Protein chains: 2
Amino acid sequence: MNDVAAAAGVALKTVSRVVNSEPGVNAVTASRVQAAIERLGYRRNDSARILRRGRTASIGLVIEDVADAFHSSLIRAVEDAALHHGCLLFTGSSREDAARERDLVLAFCARRVDGLIIVPAGSDHGYLAPEFEAGIKAVFADRPPGAGCEADTVLCDNAGGARTGTAHLIAHGHRRIAFLGGSPRIFTAAERLRGYRQALAAAGLPYDEGLVVMGAPDPPRVGADLTRLLTAPDPPTALLAGNGRTTVEILRALASLTGSSDAGAAGGLALVGFDDFELADLLGVTVVAQDPARLGRTAADLLFMRLSGDEEPTSRIELATRLVPRGSGERPPLSLRDRTAS
Amino acid sequence: MNDVAAAAGVALKTVSRVVNSEPGVNAVTASRVQAAIERLGYRRNDSARILRRGRTASIGLVIEDVADAFHSSLIRAVEDAALHHGCLLFTGSSREDAARERDLVLAFCARRVDGLIIVPAGSDHGYLAPEFEAGIKAVFADRPPGAGCEADTVLCDNAGGARTGTAHLIAHGHRRIAFLGGSPRIFTAAERLRGYRQALAAAGLPYDEGLVVMGAPDPPRVGADLTRLLTAPDPPTALLAGNGRTTVEILRALASLTGSSDAGAAGGLALVGFDDFELADLLGVTVVAQDPARLGRTAADLLFMRLSGDEEPTSRIELATRLVPRGSGERPPLSLRDRTAS
DNA sequence: CTGAAAGCGCTAACAC
DNA sequence: GTGTTAGCGCTTTCAG
């Protein structure tokens with residue numbers, strides 16, 4: 001900037017004015033400065049600007065895994081909002097590792113991001129206390145912060161969605177509905193289990209622990225669980241999958257169990273998946289759809305409200321889910337004999 | 001830092017030493033400083049650090065769309081590499097918009113990122129010249145930079161992959177193979193068309209323009225194109241899809257044309273898709289698989305080599321593709337009559 | 001082993 | 001309209 005000033009024969013401050021298109025610069029002077037800028041290939045150093053101004057015009061986003069469709073839709077929405085507010089975006093995946101989440105968040109804070117959007121992996125956010133003290137704004141998305149951490153939160157209505165999905169199967173005549181969910185330590189998984197139980201209770205159906213399996217959705221485990229469920233006495237006639245990955249692994253397992261490639265219809269079992277996925281339409285899989293883009297947009301809106309000075313008490317928003325019937329969830333119950341015969 | 005120094009009764013520099021765990025500080029003094037740090041909730045301001053040191057320990061990544069599986073796998077790989085090098089990651093999607101690409105890149109440069117990884121949307125990268133002058137390192141991924149821009153580039157072997165896919169169909173007896181690709185202005189689409197033509201030529205088959213359709217993979221267009229192809233006299237017996245989105249839209253269109261939900265087998269047409277996708281296994285779709293994670297890893301490795309002082313001439317790497325047979329690409333040709341009868 | 005001074009590149013506040 | 005001065009919070013350099 002000094003060089004530009006010298007080259008244009010003006011003071012440093014005038015260059016600064018031109019660079020930031022501040023008003024009150026003579027048009028002739030401005031164009032002379034502009035020429036010097038171009039000649040020297042000058043670009044403002046935002047690091048210095050940030051240091052001086054105290055605001056970085058950047059936000060940090062920590063999600064669970066970029067490569068997951070749910071999270072990448074969320075990012076996309078946040079990205080658009082950030083762009084709209086002239087903000088740059090730091091991103092990082094926690095990979096369901098609380099330490100990695102914390103390291104990322106603290107690294108973002110050290111960079112003095114204006115705000116954070118966090119899909120938490122951990123359940124203790126005490127490490128954020130000094131940051132909040134220092135005035136950082138954070139919004140939690142998809143999962144709430146750990147106890148004792150007060151911050152805006154945007155969630156999906158996990159329990160409600162699971163209740164709807166389960167009720168849908170019950171309405172189609174099912175009485176023995178299995179639930180295959182994620183690890184019960186994950187907030188969303190626990191909530192969905194809760195919704196499943198509520199729906200059973202509301203219909204006066206018993207809760208059978210033998211029909212519930214919770215764990216990470218890795219292929220061999222899902223396959224084994226499914227086989228066990230289906231070969232037990234009095235097997236389920238319907239399945240509620242607790243998350244997208246599990247739905248897909250159930251489809252794979254069913255396809256290999258029945259040898260049919262028409263996975264959607266495999267075994268005549270009814271199936272409702274939690275979370276929509278690409279090609280669910282083609283496969284005819286009924287799902288309880290979340291809206292990750294809306295989740296991201298809402299979280300970003302909340303954050304930018306805070307950044308523009310909003311001091312309301314923190315809010316907790318629950319986004320509705322939507323049941324999308326596509327065939328697999330509307331099949332009537334078949335006895336094991338019917339199924340093997342088909 | 002000043003406050004910490006005062007609280008600990010030491011000089012500012014000593015605090016700096018402790019914060020950066022520099023050697024040569026008395027253990028007792030260090031612990032006194034550490035206590036003050038904790039008491040005051042002090043966190044180093046990396047903006048100032050960056051300004052002083054000149055290196056930001058951050059890189060910028062511009063891709064086409066985070067919400068696309070190919071790109072999100074690429075991000076994931078870059079993210080891991082960045083973490084490994086203690087680097088933070090700015091990300092942004094260009095959405096296939098050259099102006100947005102440029103704005104993002106320049107914003108990253110203004111933040112003085114140490115390096116850039118770019119999946120270019122535009123074909124003119126002249127705007128980078130002053131940045132290169134200033135010493136920034138950039139690696140292009142998936143598509144090469146515009147003419148006149150010298151930089152490391154990592155690509156998939158698009159032509160080779162399309163050649164392999166086409167040859168595979170030819171080897172299974174097909175003589176009339178349609179190619180449905182992306183907009184011909186996109187590098188990868190043009191390369192894949194080239195590979196398709198090479199394979200035809202190598203087999204002594206004619207190139208029939210009536211069998212080639214290039215354009216954005218939006219659902220109605222793909223459906224219309226497909227209908228036109230299949231109802232023309234002497235229709236194709238096989239399809240090569242030029243990209244993942246098109247493959248999926250073809251499956252949807254075929255399913256609605258034939259009314260079958262078993263999309264993989266729809267109409268008895270053979271199908272090979274370029275780029276793998278989730279559930280292709282279940283649907284039995286043969287694809288030419290790329291390796292987006294490897295693409296990202298390679299680009300990041302190249303970038304970090306440059307950042308650590310490597311001054312070799314720029315390289316251009318082509319990553320191999322892999323044909324994954326799953327059924328749809330191994331079907332023999334059927335006449336139209338056979339197909340309607342089945 | 002510790003400290004003082006200079007300055008990274010910019011903007012805010014105030015003169016002229 | 002334009003210029004001057006101070007200082008954002010840190011690291012570098014050099015002196016004790």
Side-chain angles (χ1 to χ4, degrees), chain A residues 1-34 36-37 40-58 86 88 106-107 109-114 130-131 134-136, chain B residues 1-34 36-37 40-58 86 88 106-107 109-114 130-131 134-136:
Chain A
M1 199 173 248
N2 236 325
D3 298 352
V4 175
V10 296
L12 189 114
K13 177 68 218 188
T14 302
V15 179
S16 171
R17 287 204 176 91
V18 173
V19 167
N20 297 300
S21 20
E22 278 173 35
V25 178
N26 186 307
V28 184
T29 327
S31 68
R32 197 146 38 92
V33 170
Q34 197 61 52
I37 286 175
L40 279 82
Y42 167 81
R43 307 280 212 237
R44 179 178 68 198
N45 182 333
D46 275 7
S47 298
R49 171 173 229 249
I50 283 166
L51 178 60
R52 186 63 241 244
R53 302 190 68 190
R55 275 191 138 225
T56 57
S58 56
L88 254 34
L106 289 180
C109 288
R111 295 302 233 272
R112 294 296 188 268
V113 293
D114 296 332
E131 314 300 338
I136 202 162
Chain B
M1 202 172 245
N2 234 323
D3 298 351
V4 176
V10 296
L12 189 114
K13 176 65 218 185
T14 302
V15 180
S16 170
R17 287 205 176 91
V18 172
V19 168
N20 298 300
S21 21
E22 278 172 35
V25 178
N26 185 308
V28 184
T29 327
S31 69
R32 196 147 40 90
V33 170
Q34 197 60 51
I37 287 176
L40 280 88
Y42 168 81
R43 307 278 212 238
R44 179 178 68 198
N45 182 332
D46 276 5
S47 297
R49 171 171 230 249
I50 283 165
L51 177 60
R52 188 61 243 243
R53 305 191 66 189
R55 277 192 134 225
T56 58
S58 57
L88 254 35
L106 290 180
C109 288
R111 294 301 233 273
R112 295 294 188 272
V113 293
D114 296 332
E131 313 301 340
I136 202 163

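Excluded from the calculations below are hydrogen atoms, water molecules and symmetry mates; all remaining heavy atoms, backbone and side chain alike, are included. These numbers come from a predicted model, not from an experiment. Order of the sequence lines sets the chain letters (A, B, ...), proteins ahead of strands, with each chain counted from 1.
If you take CG on A:Leu40 and CE on A:Met1, they are separated by 12.5 Å, rounding to the nearest 0.5 Å. The distance from the OG atom of B:Ser16 to the CZ atom of B:Arg52 is 11.0 Å, given to the nearest 0.5 Å. Distance check, rounded to the nearest 0.5 Å: CD of A:Glu131 to CD1 of A:Ile136 gives 6.0 Å. Taking OG1 of A:Thr14 as the reference point, atom CG of A:Asn26 lies at 10.5 Å (rounded to 0.5 Å). In this structure, OG in A:Ser47 is found 7.0 Å from CZ in B:Arg112, a value given to the nearest 0.5 Å. Taken from CG in B:Asn45 to CG in B:Leu51, the straight-line distance is 10.0 Å, to the nearest 0.5 Å.
Side chains of B:Arg43 and A:Cys109 form no contact here, defined as non-hydrogen atoms less than 4.5 Å apart. No side-chain heavy atom of B:Arg17 sits less than 4.5 Å from a side-chain heavy atom of B:Val33. Put simply, the side chain of B:Ile50 reaches to within 4.5 Å of the side chain of A:Arg111, judged on heavy atoms.
At the heavy-atom level, A:Thr29 lies under 4.0 Å from the strands shown only through sugar-phosphate atoms.
Judged as a side chain to side chain donor-acceptor pair (under 3.5 Å), and not counting sequence neighbours, the contacts of A:Ser58 are A:Thr56. With sequence neighbours left out, the side chain to side chain donor-acceptor pair (under 3.5 Å) criterion links B:Arg32 to no other residue.
Note: CG (A:Asn2) to C1' (C:dG7) measures 12 Å, nearest angstrom. Atom NZ in A:Lys13 sits roughly 7 Å away from atom C1' in C:dA12 (whole-Å rounding). Going from atom CG of A:Asp46 over to atom P of C:dG9 covers 14 Å, rounded to whole Å. Between the CG atom of A:Leu12 and the P atom of C:dT11 there is a distance of 9 Å, rounded to whole Å. Per the geometry, CZ belonging to B:Arg112 stands 9 Å off C1' belonging to C:dG9, to the nearest Å. A straight line from CG of A:Asp3 to P of C:dC8 spans 11 Å, rounded to a whole angstrom.
Rounded to 10°, the helix from C:dC1-D:dG16 to C:dC16-D:dG1 has 30° between the axis fitted to its first five pairs and the one fitted to its last five.
OP1 or OP2 of C:dG3 has at least one side-chain nitrogen or oxygen of B:Thr14 nearer than 4.0 Å.
For DNA chain D, the span of nucleotides reached by chain B at under 4.0 Å from its heavy atoms goes, 5' to 3', from D:dG9 to D:dT12.
Using a 4.0 Å cut-off on heavy atoms, the residues of residues 15-25 of chain B that approach DNA chain D are B:Ser16, B:Asn20, listed by number. DNA chain D lies under 4.0 Å from at least one heavy atom of each of the following residues of residues 48-55 of chain A: A:Leu51, A:Arg52.
Nearest heavy atom pair, residue A:Ala7 against residue A:Ala36, reads CB-CB, 4.1 Å.
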Between B:Lys13 and B:Glu22, does a side chain to side chain contact (heavy atoms under 4.5 Å, CB included) hold up when you go through it step by step? CA-CA 11 Å; B:Lys13 176 65 218 185; B:Glu22 278 172 35; 4.0 Å; yes
